[in-house]
Amino acid sequence: MQDTSPSSVSAQASMFDQVVRFSRVLHNGGISVNSSNLIDLCNSFKHIDISRREDFYAATRTNLISNVRDIESFDQYFAQYWDRIFAFEDSELSEIEADGDEDSEETGSDSVFAEADAGDSQPATDESRPDAYSAEEILMKRDLGTMSEKDIEQARKLIAPLVALFAEHQSRRFQKDKRGRLLDFRRMLRSNAMQGKDGVTLAYRKKRIKKTRLMLLCDVSGSMQTYSRFIIQFIYALNRELKNFEVAVFSTRMTPITEYLKHRSVEESLDLVADYVHDWAGGTTIGNCIKEFNDKYARDMLRSKTTVIVLSDGWDRGDSSLLSSEMKRLSRRSHKLIWLNPLLGNSMYKPLCQGIKTALPFMDYFLPAHSLESLAELARTLKEIQS
Amino acid sequence: MFKSIDDVEKQLAKHDYISDRMLATSIYLAVKMQKPLLLEGEPGVGKTEVAKVIATLLNTELIRLQCYEGLDTQTALYEWNYPRQMLELRLQEARGEDKKAIGANIFSEDFLLKRPLLCAIQSQSATPPVLLIDEIDRSDEEFEAFLLEVLSDFQITIPELGTIKAKQPPIVILTSNRTRDLHEALKRRCLFHWIDYPSLERETRIVTTRVPGIQTELAQQLCQFMQLVRELELQKLPGVAETLDWAEALLALNTSELDAETVEITKGCILKYKADADKLKGNEIAELIKQASAAIQGNTASHSDVLRREWND
């Protein structure tokens, strides 16, 4: 975009160059455009009158945009970019400063990160926060931070049926199965044709069982510290039960930790994770973390049938509109989105804080997770929902 | 086929489909560039209708493939007619044909059950058929990947018969309700258009065209009311299909003007969830009707203002 000087925007610059430049503007604005679509767009200029703004706009949009979420920002970039160029061709006096807007946007996003970094370096200010709510918050039956080995064993027993609920679901596709209940005519006729007999050997089929994948996003910020030991045990137990299972923890940034949980004892894994995760008990910017997950990891870690569990109290210091838009993205990518909230165990608790409130519409389930009892309840609830 | 974008708009209108310029451009380009057109939008905004209308106005065949989870190639593409093959073998045996000749013909087109995709590709008509792949978001990823292959080359290989290539690629319309995101690769191959809820003016035009006999005043009031309903926080916002249903219902009841009572008893046409119906009751309805009338009067007032000004000039 540096070379958007008036001379380069002259009439001689080919349309294709302009389109490529425009695609870069879109790209910088977070709308990715495929190069084959650019070529198609140029081809479609043959069919329309590009001097008509609305037709030119329609052709550009229909070729380059494939998501309704992008339309609004596309409209802005389109107006910014093309209206200036068209205006320039009309009157040579107008100055083109397309860079201006972009710069301001970049500094805008920089400041968001600066804020996050500041939160990282000053966890002290953050920890004062949950204390302010402690009076209404702490009504726990048991301090989960002081769980004994026996309790952990019990937790694992409770977790097993819960995991089993998640682990499998019935596919609508069929597979052959000798003990199936449905006759598979297709295979029957095929195999019997070879022997010259009709329908002697019966072939059966049944519906395939697909394994569900689980993705756990776990809040380990300061306000969650009371629960963090329990949480890591919970994660560890889940990990032993489940194969297709990924874990990431976050407070100010997202860190995948699945590979560190492969060790034999909880303590060993815990030490490793503690070494590896630097923002443990830091501030919380859930929106930024979920965004980081969506941008960086979701593509690799999520499949169409992945259930995503977010474990967090929802105290968010970041931008709540960012959180809501990122939760929306996440919910679209996942099969089911479950939010486990330790604070929900408190009967006084209502999801009033902004973080949770904005994220609520995008969750499939919003459930408590503060004690062993609540875990058992979670398993029951899920059974009810599924049956 | 189509001469220009204006032509598309005009022909659609002639067949009672009121489009906007953006949609007309997308359709025009899809036909000219032989690219599939992906239509997304909330339920009931007329996505499927687009394909139907194009087929009617081009006077060509509409081939429809309704997607669902578990849809496989045997239902979408082709399948061999196994019982008929078996029967043919028996008949040949009974006729005492030469052993070598028996079964030689059973993998020919006579024994092929053609499903929508194969029909679309094999079509011999002068104008290409319209292939409607409806609610693609309901199918699973495996099918999407397979569709990608078909849509890129418009050819199908049947091992026993060989490769079948389309004489001319069909006009492909895909629709999606966005219950999930489609794969990027599929989107990349398509032109994309988002069908939004229509503007007040367009919706009024749609109602007066599709529900002949309705009074203009009622249509206006009705559409204004719908615009206000869509601003409410409902589980499911009513689409154009609902507006049309409602207009027909009101026409059947000989209504000439909206009043709270009529809306109350006919609101089932537009609100399909109990929670939504509970939200819109007596007082709220009266309030909305009042707002709608005010808005209409505002519109006509400003309109006459313009006229007066023009007159003075």
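In what follows, every chain begins at residue 1, and chains take the letters A, B, ... in the order their sequences are listed.
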Answer yes or no: are there more than 12 heavy-atom neighbours, outside [X] itself, under 6.0 Å from its atom [atom1]?
X: A/Glu72; atom1: CD; value: no
X: B/Lys236; atom1: NZ; value: yes
X: B/Tyr273; atom1: OH; value: no
X: B/Glu201; atom1: CD; value: no

Shortest non-hydrogen contact from B/Ile5 to A/Ile48?
->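 What the structure gives for the nearest pair is CD1-CG2, 3.7 Å.
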Of all the heavy-atom pairs spanning B/Lys187 and A/Ser66, show the shortest one and how long it is.
->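 Scanning both residues, the minimum pair turns out to be NZ-O, 2.7 Å.
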Check whether any side-chain N or O of B/Lys32 sits under 3.5 Å from a backbone N or O of A/His47 as a donor-acceptor pair, and report yes or no.
->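 No, because the side chain of B/Lys32 does not come within donor-acceptor range (under 3.5 Å) of the backbone of A/His47.
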Would you say A/Thr62's side chain and B/His193's backbone share a donor-acceptor pair under 3.5 angstrom?
->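 Checked: no pair found.
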Side chain, backbone, both or neither of [X] within contact of chain A (heavy atoms, under 4.5 Å):
X: B/Asp6; result: side chain
X: B/Gln74; result: side chain
X: B/Leu182; result: neither
X: B/Phe143; result: both
X: B/Tyr28; result: side chain

In terms of heavy-atom proximity below 4.5 Å to chain B, should [X] be classed as side chain, backbone, both, or neither?
X: A/Arg329; result: neither
X: A/Ile71; result: side chain
X: A/Asp49; result: neither

Choice from A/Ala58, A/Ser32, A/Ser36 maximising heavy atom contacts with chain B below 4.5 Å |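 Option with the top pair count is A/Ala58.
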So which of A/Val33, A/Asn43, A/Asn34 has the biggest tally of heavy-atom pairs under 4.5 Å with chain B?
->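 Greatest number of close heavy-atom pairs with chain B: A/Asn34.
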Would you check if B/Arg21 and A/Arg52 make a side-chain contact, meaning some heavy-atom pair closer than 4.5 Å?
->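 With C-beta onward as the side chain, the pair touches.
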Is any side-chain heavy atom of B/Leu29 closer than 4.5 Å to a side-chain heavy atom of A/Asp40?
->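 The answer is no; the side chains never approach within 4.5 Å.
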Against chain A, work out which of B/Arg178, B/Glu141, B/Lys35 has the most heavy-atom pairs shorter than 4.5 Å and name it.
->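 Option with the greatest count: B/Arg178.
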Just how far is it from atom CG of A/Asn63 to atom SG of B/Cys190, taken to the nearest 0.5 Å?
->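 If I round to the nearest 0.5 Å, the distance is 11.5 Å.
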Do B/Phe192 and A/Arg61 pass the side chain to side chain contact (heavy atoms under 4.5 Å, CB included) test, and can you show the C-alpha distance, the side-chain angles, and the key distance before you say yes or no?
-> CA-CA 8 Å; B/Phe192 171 81; A/Arg61 196 179 103 183; 5.9 Å; no
